[in-house]
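To start, the structure under review is shown below, and the notes come after it.
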There are 4 protein chains.
Amino acid sequence: MTQARAPRADAVRNRRKILTAAGEQITQHGPEVGMDEIAAAAGVAVGTLYRHFPTKTDLVAAVVAECVARVADDAEAVLARVADGARAADELTAFLGRVIEQSVTDRAVKAAAQTLGAEPGDHVDEDRGSNAVAAVIRAGQSDGDIHPDVTVSDIYLLFSTAPTDQPPAARGRWLALVLPGLTTGARPVGNRC
Amino acid sequence: MTQARAPRADAVRNRRKILTAAGEQITQHGPEVGMDEIAAAAGVAVGTLYRHFPTKTDLVAAVVAECVARVADDAEAVLARVADGARAADELTAFLGRVIEQSVTDRAVKAAAQTLGAEPGDHVDEDRGSNAVAAVIRAGQSDGDIHPDVTVSDIYLLFSTAPTDQPPAARGRWLALVLPGLTTGARPVGNRC
Amino acid sequence: MTQARAPRADAVRNRRKILTAAGEQITQHGPEVGMDEIAAAAGVAVGTLYRHFPTKTDLVAAVVAECVARVADDAEAVLARVADGARAADELTAFLGRVIEQSVTDRAVKAAAQTLGAEPGDHVDEDRGSNAVAAVIRAGQSDGDIHPDVTVSDIYLLFSTAPTDQPPAARGRWLALVLPGLTTGARPVGNRC
Amino acid sequence: MTQARAPRADAVRNRRKILTAAGEQITQHGPEVGMDEIAAAAGVAVGTLYRHFPTKTDLVAAVVAECVARVADDAEAVLARVADGARAADELTAFLGRVIEQSVTDRAVKAAAQTLGAEPGDHVDEDRGSNAVAAVIRAGQSDGDIHPDVTVSDIYLLFSTAPTDQPPAARGRWLALVLPGLTTGARPVGNRC
DNA sequence: AATGAATGAGCATTCATTCAT
DNA sequence: CATGAATGAATGCTCATTCAT
C-alpha cells in the first residue's frame, strides 16, 4: 500500500481547478452547461477534463461529493459544540437551516445529481456526517427535546425536500412547518409568509 | 351558431392521445424526452404533435395544466365532504397524502415545467383548487384541529417539496414528519423507514 | 372539343383569389412562403389550393405566367402607339424602363421562378409579347434609331438582368449604361448615382 | 511570440476542404443545400463544419469572401498591366468578361449571400478591388477611351446584373450590349446569339 | 500528460404534400 | 368539391465523447 505513484503536482492542481470551475458553472447555469464551458472556465482543454473525469456524470458526482463533505464538516462541528454543552435541539435546528441555505447556492448541483443519476463516489464523507448527526439526535432525545422516533434518515429526507428554489421567506416558513415534526418544543408561530 | 364548428372527432382523439403519451413519457424518461419519442408513443407523427402544440414548452404546459385540474377536482371534492360533515383536518391530511402519491407519477412533469419555464395557460383551475383548500383550512381551524396560522400557501409549499422520487415508505414518513406543523392533533408515531 | 365542363363559377373565383394571394405573398415575403400561408391569404384551405395547383412549382409558374401576360399587354400597346406614329426607339426605351420598374415589385416572383425551375405553362403570352417587341424593333431600325443587329432576345436578356433589387437611382443609371448598346442616339449623361 | 501558435496543420487542411466543398455544393445545388451535404462533400462530419463556421451564414460569407478576394487579385493584376503600358479600356473589357465567366461558377454563391444576408467579414479585399478598378478607369478616361462619367459603381452594377445563368453565347452578347455604355470605341457587332 | 480538432447521434422545428371527413 | 388534420423527410444546430498530435 504505497501511495498511488505520486508526483503529478500539476495534475492535482488541475483537478482542483476543474472541480471548482464545475461547481461554479453548474451552480450558475444549471447542470446543462457544456463540458467545453466547464473546461474553459477551469482554464484547461476538454481532453484534460476527460482525463480526470471520464464522464460528465462522474464530474457531477465529484462536485456533489464535495457538497457532502462540506455538510459532513458542519455536522461534526455541531457535534463538537453539543459535546461542549450546547443544546442539541437548537444546534440541530440551526444546522438544518444552514444546510438549506447552502443548498440554495447548490440547487443546480442537486438537480444535476438527480438528472444524471450521479452516485456519490465514496461514502466516507456521507458516513462522517451521518454519524455526527446521529449523535446529535441522541443527545437531543436524552434532553427530551427531540421526538424519540426521529432518525438520521428523517434529517436526510427533509434535506432532500427543502424548497431550495423558493424565496427566503418561503424557506423560513418551511422550516417552521417542519420543525414540530422533529422537536417537542412549542410550535413557533408563522415565520412570515 | 354556438359550437366552435368542430367535426374533427379524430383530432380531439389525437389531442388526448398526445397528452396522455406526453405525460407518460415525461414521467418515465424525464423532460428531455424527444418530441419524436412522445409522438411515437402517442401513435402519431411529429407533425401532428406540432399541430396541436406548437412548441415543446406548450406541450409541457398542457400536461402540467392537466395535473393542476386533477388536483383542483380533488380539492373541491374534499370541500364537499367537509361541508357534508367530514372532519376537515382528516380530509386535509388524506388530501395531502393523495396529492403526494399523484405527484409521484407527475414528478418529472413538475421538473419539466420548471425546466422549460412553462406557464400554466389559464389560472382557472389553480384558483378552483386554492379556494377549496382555503375553505377546508378555515373549517379545520374552526374545529381547532388546524393551527390558526396555516394558509393555503403552506399547503402549496409542502406539495412542492414532497419527496416524490422517494420510495413509498419515505413518502409516508415525510407526511408524518410534516403533519405536526399543520395540525394540533397528537403526533403520529414513526411510520416505518 | 366542347368546353371543359363549365359551371364551376366558384372554382374560377377561387383560382383567382389564389393567384392574387400567391402573387402578393411571394412578392412580399419571397418564394419561401409556405403553402399554408398562401392558402390563408387566399381565404381557402390548403387542400383547395392543391386542387388548383398540384405543386408549389405549378403555382409559382402560374404567377409568373401572369407577369408575362402583363408584359405582353404592355408590348402590344407599345406596338399600337408605334403604328400610330410614335417614335419606336423612344417607346422601346420607355417600355424597358417600365418593365424594370414592374419587376421591382415582382422581384421575388422572378426569384421564385428561378429557384423552382418553373416553366411558363403555355407560351401564348410570351409569343404575343415577342411578336410585338420584334415589330417595334424593326420600326426603330427603319428609322435608323436602333442598331441593326438588335433582336428580341437582346431585350429579353436585358430584362432578365435588370437590377431589380437595387435602389431607384441604380436602376436609372443601369438603364443609361445599357441604352447605348441598343440605340444609335447620343449617349445620355450619368443619370445620378 | 509572433505566430498564432498553430500546429493544427490538418485543421487548416479541413478548413480548405470545407470552403472548397461549400463553394461547389452551393454552386451546383443552390444555397439551400443542407449543411450535412456540404459536410459530406468535404469529407468531414457536420460538427467539424460547425467548428470552423459557427453558422451557415458564416460559411456562405466565407465562400463569398473568397470570391471577392479572387476578383480583387484580378483587378490588381489588371492595374499592374495598365501601369506597364497596356491599354486601359481593353484591359477593363477583358476584366469584365473574366469576372462574368467566373461568376458563372459562383452565381449560386451570390444568391446565397443575398438570401442569407451574409455580410463580407472585412472589406479589405473589396477595397483592394475598388481601388484598382478606379485607377484603371481613370487611366482609360485619360486615354479618351472610357466615358468620363463612368465610375467604379457602374462596374459593380454591371457585375451584379451579369447574366451568369445564361449560356456562354448570351453572356458574350450581353457584354457586347453593355460595352458601348462604358467605352467610346466603335460598337462591336452582334456577337452571335 | 495536455491539447483541441473531429465525430456523429440527437434535438426541436418546418413544410410540401396526402387523404379521411 | 372544400376542408384541414396528418404525415414524415429534412434542416440547422448542439454537445458528450474520442483520438491524433
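Convention: sequence-line order gives letters A, B, ...; per-chain numbering from 1. Values below: all heavy atoms of this structure, side chains included; hydrogens, waters and symmetry mates excluded.
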Just name whichever nucleotide pairs with E:dA2, Watson-Crick or G-U, keeping both distances under 3.5 Å, else none.
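Paired with E:dA2, as far as the under-3.5 Å criterion goes, is F:dT21.
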What's D:Val33 touching, base or sugar-phosphate or nothing? Going by heavy atoms closer than 4.0 Å.
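Sugar-phosphate, no base atom in range.
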Base, sugar-phosphate, or nothing for A:Gly47, non-hydrogen atoms under 4.0 angstrom?
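A:Gly47: base contact, heavy atoms under 4.0 Å.
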Can you check whether B:Gln102 reaches B:Arg70 side chain to side chain, under 4.5 Å on heavy atoms?
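They are in side-chain contact.
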Name the residue closer to the 5' end of DNA chain F, choosing between B:Asn14 and D:Met35 according to the nucleotide with the nearest heavy atom.
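It is B:Asn14, whose closest nucleotide lies nearer the 5' terminus.
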Could you pick out which residue, D:Lys56 or C:His52, lies toward the 5' side of DNA chain F when each is mapped onto its nearest nucleotide?
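Comparing both residues, the 5'-ward one is C:His52.
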At what distance, to the nearest 0.5 angstrom, does CZ of B:Phe53 lie from CG of B:Leu59?
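Taking CZ in B:Phe53 and CG in B:Leu59, the distance rounds to 5.0 Å.
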Heavy-atom pair with the smallest gap, counting every atom of A:Pro31 and A:Lys56:
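That would be O-NZ, 3.2 Å.
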Do B:Arg51 and F:dA5 have a side chain to base donor-acceptor pair shorter than 3.5 Å?
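Donor-acceptor pair under 3.5 Å: yes.
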Atom pair distance, as rounded to whole Å: CD in B:Glu32 and P in E:dA12:
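So the two atoms are 10 Å apart, to the nearest Å.
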Rounding to an integer number of Å, can you tell me how far B:Asp36 CG sits from E:dA12 P?
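Whole-Å distance recorded here is 7 Å.
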Answer yes or no: does a side-chain N or O of A:Thr48 lie under 4.0 Å from OP1 or OP2 of E:dT3?
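Looking at the OP1 and OP2 atoms of E:dT3, one of them is under 4.0 Å from a side-chain N or O of A:Thr48.
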Can we say C:Arg16 and C:Glu66 salt-bridge, meaning some charged N sits less than 4.0 Å from an Asp/Glu carboxylate O?
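Looking at C:Glu66 together with C:Arg16, the answer is yes, because their closest N to O distance falls below 4.0 Å.
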Compare the minimum distances between each of E:dT17, F:dG4, F:dG8 and the side chain of C:Tyr50, then state the nucleotide with the smallest one.
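Selected nucleotide: E:dT17.
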